[in-house]
Visitor: 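Attaching a single structure in structure tokens format; questions to follow.
As the structure is a computational prediction, the values presented were derived from the model and not from experiment. Letters go in sequence order (proteins before strands), and every chain restarts at 1.
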2 protein chains.
Amino acid sequence: MKLQLQIKMNEALFLRNPESSELGKNILKHSIQLIDRTGFELFTFKKLAEEIGTTEAGIYRYFENKHKLLVYLTAWYWGWLEFQIIFQTNNIKDPIIKLKKVIKLLAQAVKDDEQTSHINEHSLHKIIISEGSKAYLTKHVGEDNKQQFFKPYKDLCAAVGQIVSECNPTYKYPKSLASTIIEMAHFQNFFMHHLPSLTDFGKEKKESEIISFLNDLVFSSIKKV
Amino acid sequence: MKLQLQIKMNEALFLRNPESSELGKNILKHSIQLIDRTGFELFTFKKLAEEIGTTEAGIYRYFENKHKLLVYLTAWYWGWLEFQIIFQTNNIKDPIIKLKKVIKLLAQAVKDDEQTSHINEHSLHKIIISEGSKAYLTKHVGEDNKQQFFKPYKDLCAAVGQIVSECNPTYKYPKSLASTIIEMAHFQNFFMHHLPSLTDFGKEKKESEIISFLNDLVFSSIKKV
DNA sequence: TTATTTTTGATAGTATTACTACCTTTTTAT
DNA sequence: ATAAAAAGGTAGTAATACTATCAAAAATAA
């Protein structure tokens with residue numbers, strides 16, 4: 001049996017559903033490649049069109065602009081990750097083991113998921129690390145938020161915060177700790193590779209060390225005294 | 001006696017020193033205003049020139065492009081903040097009290113500093129919160145780092161990490177904890193105002209709550225057991 | 001089946017952005 | 001007073017971020 005995982009996306013993120021056609025899927029596939037390669041600033045719809053073998057206008061019929069495409073990709077990633085978390089922590093009763101598993105999933109490099117043929121999760125994970133925060137660090141974050149663009153991210157945070165609260169119902173900052181874990185899983189990775197003196201993992205550059213740091217940070221904080 | 005605080009800037013960040021002329025100072029002053037108002041994406045040298053009453057080419061004689069200007073402003077801020085920290089924690093022996101003071105300085109809204117007439121620190125602090133990470137989240141972070149553009153940020157992190165180590169010499173992640181404190185002082189502020197469900201301070205929206213969260217996070221982590 | 005509408009994709013523009021080259025005026029040094 | 005160098009302005013260009021229009025293909029309705 002071959003399952004095909006489909007993530008339900010917010011309709012306001014696109015003009016035409018990219019999952020609904022070959023060109024659409026090509027846009028997703030090649031935009032991930034191209035953003036990963038050039039960075040979001042130098043990424044343009046013209047370059048993307050050339051890469052795919054279509055025209056700029058073709059891309060514009062799917063996505064209003066490159067920012068919406070980035071928000072789409074990040075939303076897709078958060079949705080996918082929450083599914084991974086639900087799937088992989090299923091049947092785990094102990095919230096502490098659950099939280100450790102979540103930290104691992106957040107901080108660990110992603111293997112490409114066979115269930116989603118046109119999305120390369122490994123590249124997408126790198127994009128989230130380098131470009132992810134640009135999705136919301138804008139002046140129009142308020143309107144974007146009203147349109148629920150960040151719902152998958154907020155849902156994931158809420159789910160992590162929930163597990164934190166299960167570990168210690170008296171802990172006062174479950175949501176802020178959750179967003180801290182998620183952001184730092186990515187920022188410490190970026191720092192480790194590009195500004196290593198901002199971390200303690202500059203020499204080894206191993207994700208396992210980030211995981212250890214986050215585990216220490218989280219479980220010291222929520223430990224009941 | 002009126003002191004004039006001058007922060008020594010990396011010469012590779014500008015083509016002509018903006019502190020050396022009226023136009024240069026105007027560029028700093030109005031770019032801070034304009035970036036704060038429009039956000040970095042919509043900020044252009046043309047708009048800035050109109051605001052000042054000069055021309056685009058005039059701005060380009062001081063800064064190569066708007067990214068360099070952003071890096072300049074962030075570097076200035078980190079330099080200024082490190083001076084504030086050194087000044088305000090001077091004579092404090094106890095590293096724990098020192099660290100608490102640092103967290104407060106990092107997370108607290110900034111009052112405009114009279115010593116720097118053409119820089120509005122309050123607006124600059126808002127820019128750091130919303131745009132600061134864009135200074136290094138680029139593909140050319142490596143070259144920028146080689147040119148020491150991020151030295152003030154790294155120095156500040158090192159200084160904070162140093163105090164962490166003084167609090168507990170056996171703590172394993174002083175640098176990562178330092179960068180976490182600094183980043184989260186800003187991110188939690190951004191979230192609190194724009195994506196409040198990612199924090200536990202959505203209702204009150206008070207910086208004092210961010211400070212409490214960071215204090216709890218930091219001192220649970222470095223507590224000797 | 002044919003006619004009609006809708007979808008899909010390509011062509012050719014425009015306004016804005018990000019710069020560059022070149023020229024004039026002002027300041028400073030001798 | 002004169003030369004030089006610094007500061008400032010004008011007028012471009014190439015690329016980016018779109019938009020409007022057109023043509024072909026596919027879906028659907030009569």
Side-chain angles (χ1 to χ4, degrees), chain A residues 9 11-31 34-35 37-73 118 131 134-135 138-140 143-144, chain B residues 9 11-31 34-35 37-73 118 131 134-135 138-140 143-144:
Chain A
M9 297 297 294
E11 305 250 324
L13 279 172
F14 51 77
L15 299 169
R16 190 163 302 178
N17 191 341
E19 300 274 0
S20 73
S21 74
E22 272 315 300
L23 177 59
K25 284 175 195 164
N26 265 320
I27 290 173
L28 297 181
K29 182 178 174 177
H30 287 92
S31 65
L34 196 55
I35 293 174
R37 209 165 65 230
T38 66
F40 187 63
E41 279 71 36
L42 295 181
F43 167 80
T44 69
F45 277 3
K46 182 125 185 249
K47 289 176 193 165
L48 176 59
E50 273 160 25
E51 193 103 346
I52 298 174
T54 180
T55 56
E56 254 185 297
I59 320 275
Y60 275 106
R61 218 171 279 110
Y62 285 85
F63 290 101
E64 228 177 294
N65 52 52
K66 70 173 185 172
H67 184 258
K68 281 264 172 76
L69 173 54
L70 179 67
V71 176
Y72 181 98
L73 292 175
H118 54 289
E131 324 289 350
K134 296 172 194 170
T138 68
K139 274 286 158 183
H140 47 90
E143 296 107 75
D144 287 0
Chain B
M9 298 297 294
E11 304 250 322
L13 279 172
F14 50 77
L15 299 169
R16 190 163 301 178
N17 191 342
E19 301 273 2
S20 73
S21 75
E22 272 315 301
L23 177 59
K25 286 177 194 162
N26 265 321
I27 290 173
L28 297 181
K29 181 177 175 178
H30 287 93
S31 66
L34 195 56
I35 294 174
R37 210 165 61 229
T38 66
F40 187 63
E41 279 71 35
L42 295 181
F43 167 81
T44 68
F45 278 4
K46 182 127 187 245
K47 288 177 194 166
L48 177 58
E50 274 160 24
E51 192 104 344
I52 297 175
T54 182
T55 56
E56 256 185 297
I59 320 275
Y60 275 104
R61 217 167 283 110
Y62 286 84
F63 290 100
E64 228 177 298
N65 52 51
K66 71 174 184 171
H67 184 259
K68 282 265 173 74
L69 173 53
L70 179 66
V71 176
Y72 181 99
L73 292 175
H118 55 289
E131 323 288 350
K134 295 172 193 169
T138 68
K139 274 285 157 182
H140 47 89
E143 295 108 77
D144 287 1

Visitor: Give the rounded distance in Å between these two atoms: CD1 of B/I59 and P of D/dG9.
Guide: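 From B/I59 CD1 to D/dG9 P: 10 Å.
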
Visitor: Work out which heavy atom in A/S31 is nearest to a heavy atom in A/L48; give both atom names and the distance.
Guide: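 Taking A/S31 first and A/L48 second, the nearest heavy atoms are N-CD1, 3.5 Å.
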
Visitor: With a 4.0 Å limit, can you tell me whether A/S21 has a side-chain N or O closer than that to the phosphate oxygens OP1/OP2 of C/dT7?
Guide: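 For C/dT7, neither OP1 nor OP2 has a side-chain N or O of A/S21 closer than 4.0 Å.
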
Visitor: Who pairs with A/T44 by side chain to side chain contact (heavy atoms under 4.5 Å, CB included), at least two apart in sequence or on another chain?
Guide: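 Partners of A/T44 under the side chain to side chain contact (heavy atoms under 4.5 Å, CB included) test: A/K46, A/K47.
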
Visitor: Please state whether the rings of B/F40 and B/F43 are parallel, tilted or perpendicular, taking 30° and 60° as the class boundaries.
Guide: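 The rings of B/F40 and B/F43 lie parallel, inter-plane angle below 30°.
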
Visitor: Using OP1 and OP2 only, check whether a side-chain N or O of A/R16 sits under 4.0 Å from C/dT8.
Guide: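 It does, given that an N or O in the side chain of A/R16 lies less than 4.0 Å from OP1 or OP2 of C/dT8.
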
Visitor: In this structure, how many angstroms lie between the P atom of D/dA26 and the CD atom of A/E22, rounded?
Guide: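 From A/E22 CD to D/dA26 P: 14 Å.
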
Visitor: Using atom CG of B/L23 as one end and atom C1' of D/dG9 as the other, report the distance to the nearest whole Å.
Guide: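 So the CG-C1' distance, B/L23 to D/dG9, works out to 12 Å.
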
Visitor: Base, sugar-phosphate, or nothing: which does B/Y62 touch, judged by heavy atoms less than 4.0 Å apart?
Guide: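 Sugar-phosphate, backbone atoms only, no base.
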
Visitor: Rounding to a whole Å, what distance do you find between B/F14:CZ and D/dA6:P?
Guide: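 It works out to 14 Å between those atoms.
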
Visitor: Which salt bridge (charged side-chain N to carboxylate O under 4.0 Å, His left out) pairs, counting each pair once, include a residue from residues 56-66 of chain A, with sequence neighbours left out?
Guide: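 Found A/E64-A/K68.
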
Visitor: Please state how far atom CG in A/L48 lies from atom P in C/dA10, giving the value in whole angstrom units.
Guide: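 These atoms are roughly 13 Å apart.
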
Visitor: Expressed in angstrom and rounded to an integer, what is the separation of B/E19 atom CD from D/dA6 atom C1'?
Guide: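 Interatomic distance, CD of B/E19 to C1' of D/dA6: 18 Å.
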
Visitor: Protein within reach of the bases, or only the backbone? For nucleotides 15-21 of chain D, mark each nucleotide 5' to 3' as B, S or -, using heavy atoms under 4.0 Å.
Guide: -SBBBB-

Visitor: Taking A/E51 as the fixed residue, which of A/H30, A/R37, A/K29 is the one that meets the side chain to side chain donor-acceptor pair (under 3.5 Å) rule?
Guide: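 Checked A/H30, A/R37, A/K29 against A/E51; only one passes side chain to side chain donor-acceptor pair (under 3.5 Å): A/R37.
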
Visitor: Test side-chain contact (heavy atoms from CB on, under 4.5 Å) on A/L73 and A/I35 and set out the steps.
Guide: CA-CA 11 Å; A/L73 292 175; A/I35 293 174; 4.0 Å; yes

